[in-house]
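Residue numbering restarts at 1 for every chain, and letters A, B, ... go by the order of the sequence lines. Every heavy atom of this structure was used, including side-chain atoms; hydrogens, water molecules and symmetry mates were not. Remember, it's a predicted structure, so these values are computed and weren't measured experimentally.
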Amino acid sequence: MSVPDKPSLDGLEARWDERWEADGTYRFDRSKTREEIFAIDTPPPTASGSLHVGHVMSYTHTDIVARYHRMRGFELFYPMGWDDNGLPTERRVQHYYNVRCDPSLPFDETFDVATFEPQEQPTPLARGNFIALCEHLTVEDEKTFERLFRMAGLSVDWTQTYTTIGEIARRASQRAFLRLVKRGQAYTAEAPTTWDVDFQTAVAQAEIEDRELEGLYHRIAFESEGGGAVEIETSRPELIPACVALVTNPADQRYRDLVGSTVYTPLFDAPVPILAHELADPEKGTGIAMVCTFGDVADVTWWRELGLPTRVVVGRNGTIAPGRFGEPGWPSRDPEKANAAMSVLKGKGTKQARKVVSELLRESGALVGEPKPVRHPVKFYERGERPLEIITSRQWFVKTLEYRDQLLRRGAEIHWHPPYMGARYTSWVEGLNGDWALSRQRFFGVPFPVWYRLDERGQPEYDDPILPDESALPVDPLEEAPPGYTAEQRGEPGGFLGDPDVMDTWGTSSMSPQIAGRWEDDPDLFSRVFPMDLRPQAHDIIRTWLFYTVLKSHLEHGSLPWTDATISGFVFDPDRKKMSKSKGNVVTPLETFEQHGADAVRYWAGCARLGVDAIFDEQQIRVGRRLAIKVLNASRFALASLEGSEGEIGDPLDRSMLKRLSGTVDEATRALDGYEHTRALEVTERFFWGFTDDYLELVKSRAYGSDGGSAIASLRLALSTLLRLFAPFLPYVTEEVWSWWKEGSVHRAPWPSSAELDEATAGADPAVYDAAAWVLGEVRKAKALAKLSLRVEAERVIVHGPEERQKLLRDVEQDIRQAGNVAAIEYVDAAEPSVEVVLPTQA
RNA sequence: GGGCGCUUAGCUCAGCGGUAGAGCGCUUCCCUUACAAGGAAGAGGUCGGGGGUUCGAGUCCCUCAGCGCCCACCA
């Protein structure tokens, strides 16, 4: 045994991280069977972002689960991943190096990522060079992340780390995609899709958010064919040239007679029909809606279900790029007038075009009254700055709608922690309005392993793509030629075209269980870890990461990807604002760790329940630090200050204390089994503080004495148990103390059980410990109220109470007298227990 | 518009059918041989409002209000 004289928290993190790494304490043993393994689908953080205390909280929650299960005897499959593909990385690289990706440039062989310096003007880079720069920067970011997570004490097996742009991830994503195509579950189609005009990429429903925006409702008159006018209301008058119909509800009496008739759009004089559709809401606007291609998702529904033509006026960059009226598909009573109006709009952004059209409408007399200001929700790409447009483009889709019921059932099979989080999944799946648009018109992502044949005129044949053999994966269709073709045939008539798109970043991260488990690359490993046990994550990505992972697993494996999902809340600053970089209220985790120590920060995290948003509270962290220091000092006392040796545990107080501890062990175990780590921490902490405040004081003199064997043995047994109960929460300080007197790591020690304590506690009555602590407390209270030092000897303590209670106390009277500095204890029969303390009158 | 969650001491939160709890903060006292980056003690709540069930309700039911979040085809 080697107990330091002055134990300290300083430097524990570095020392133990190194030691755990050297000893392979958290190394996964793949020889274990699926039943013996507990597998965690760790969230791969966005490598290009920065970690904040919110990450610290949720990853600590997961680590508590991991450490608990490891101590329960499970072999932990607990890898880390880095989500380094996708738009966030592209954006970070663009800013960091002041570059932009220009896919038209040829690859520059001489470009060196390591020595590249940002220039005054943005440097255009070829796709390949840009990707190389992305890979370079993410590697650097990932090192920083790993340092922080190691400091946080995550018991991850760092040899299992994966990235979402790495070869394994690309292969897994592409393989899953190919199989979706072969099963008919993924398809390519030219279809209207939500589109970000700045990033110029398709965006899936899951990445869309509503933002409240100021708008103007314009009431606009359409000329009816029989004369007269039909009025509609719109906040997007610039889409009038894209109008292909008006719709009204079939039950709406006001417009029943108009259904089937034709009206003419103002300014453009295009004839459009008035049609009936259930979706039209008589309560909204005038009860007649303008259908444009495309203003919103309702337009898409009407366009599809009513078989309407397409008249596109908004281009991919968000500017007005109209066709010519008078030409096929662009009918007008007065093409000259229509094209004159169009020429004014051409090239303008939608916002500007809106103002112009508004003025033109006013001049033409079609504007009824003044536009009414409104605040209304508008759809945005979550990372975008301008409203989404709906633009027709060719995309790959994954079928989701037809699996809706199956996916709902899968959601119900998941054990959600907390359970009510399952409702978010359900409401998301129920609200799905289209298949998953999987392709992104971006660069740093997993390419689609697909080529298209070019016909004699050089037009791609999208309906029958060329797919590689799975053994060739991963492939880059922009670098490699498809089977049976040569590189020279790229882009030539009769040759081929590589799919230029990359997958949605969720397309890859939804494969995290398969990537981490080396699906197909290492079938033996995969069979030992999949389906996994746990998916930990935050609630904001239930509709993305969680949903897509369930979808992929359901379609590929016919199973859930894991049985349980733990959902952490967010962390807010003390003013209840969500922490974010732009608000400048971000607390850097590294500083927090350095200032307070990892165990202290983990304690704060451990106090926050799953699913509940937490406050970043330095006060609470200090409490954690105090607890950690207390563990050191109490351990030092129990282990080193006492010179006697262990004896048989026979003293009633000792046995009673251990009985109480046994109950605490049961409670903590039950709590952790139910993913209620806060409760486990709470009961452990409560016992521990009582243990130090009362038990240590009660046994101190006995333990120092010649017959201290029972006390010393009890102290050590309790300490061993408490260290293990605290180990998932305070991995550093518990390991430190463990190392003073035990072999091996506390984190590989068995989780304590009440059975372990049975021998020492058989027949013991926990009420003895409670009663002794109660009397001691009353004595202390009396002295404190009398403003006396605790060292002042009380002349007498008179315990009133029923006989049974007296009996409990008589056995441990000596300990109470010593701990409380009491000369004599007397007993008086009474129904209600109370304590009377006779103190010396003050001089 | 639909759904979920929250509303308990100044603050952060436990408690979920049986006489109001913890930590922090505040006040007082104590350098007691594990611990002064300590320790001991005290003050402080008609458990959001209103109904109901029950011998008994922060605890179950209904209802209202406020806050937060999720979802929604928001013309």
Below 4.0 angstrom from OP1 or OP2 of [N], is there any side-chain N or O of [X]?
X	N	value
Arg791(A)	C30(B)	no
Gln619(A)	G25(B)	yes
Arg780(A)	A41(B)	yes
His376(A)	A75(B)	yes
Arg679(A)	G15(B)	no
Gln205(A)	A72(B)	yes

May I ask you to say what [X] touches in the nucleic acid, namely base, sugar-phosphate or nothing, with a heavy-atom cut-off under 4.0 Å?
X	answer
Lys379(A)	base
Leu696(A)	base
Ala614(A)	nothing
Thr692(A)	base
Asn821(A)	nothing
Arg625(A)	base
Glu682(A)	sugar-phosphate
Arg543(A)	sugar-phosphate
Lys781(A)	sugar-phosphate

| task | Please give the nucleotide sitting opposite A65(B) as a Watson-Crick or G-U wobble pair, both distances under 3.5 Å, or none. | result | U7(B)

| remark: Answer for the Watson-Crick or wobble partner of U27(B), both distances under 3.5 Å, is A41(B)

| note | Among the nucleotides G38(B), C73(B), G42(B), whichever has the atom closest to the side chain of Lys630(A) is G38(B)

| field | Distance flag, aromatic centroids of Trp604(A) and Phe616(A), threshold under 6.0 Å | value | yes

| query | Ring centroid separation for Phe570(A) and His539(A), is it under 6.0 angstrom? | reply | yes

Please report the distance separating the [atom1] of [N] from the corresponding atom of [M], rounded so that it comes out in whole Å.
N	M	atom1	value
A20(B)	C4(B)	C1'	29 Å
U32(B)	G25(B)	C1'	26 Å
U63(B)	U53(B)	C1'	15 Å
G10(B)	U54(B)	P	35 Å
C26(B)	G45(B)	C1'	16 Å
G58(B)	C6(B)	C1'	14 Å
U46(B)	U19(B)	C1'	15 Å

Classify the angle between the aromatic ring planes of [X] and [Y] as parallel (below 30°), tilted (30 to 60°) or perpendicular (above 60°).
X	Y	answer
Trp302(A)	His277(A)	perpendicular
Phe294(A)	Trp303(A)	perpendicular
Phe687(A)	Phe691(A)	parallel

| said: Heavy-atom nearest nucleotide on RNA chain B for Ala784(A) versus Tyr420(A): which residue maps closer to 5'? | reply: Tyr420(A)

| remark: Taking for Glu676(A) and for Met421(A) the nucleotide of RNA chain B with the nearest heavy atom, the one nearer the 5' end belongs to Met421(A)

| task | Compute whether any side-chain donor of one residue and acceptor of the other, for Ser568(A) and His61(A), lie under 3.5 angstrom apart. | result | yes

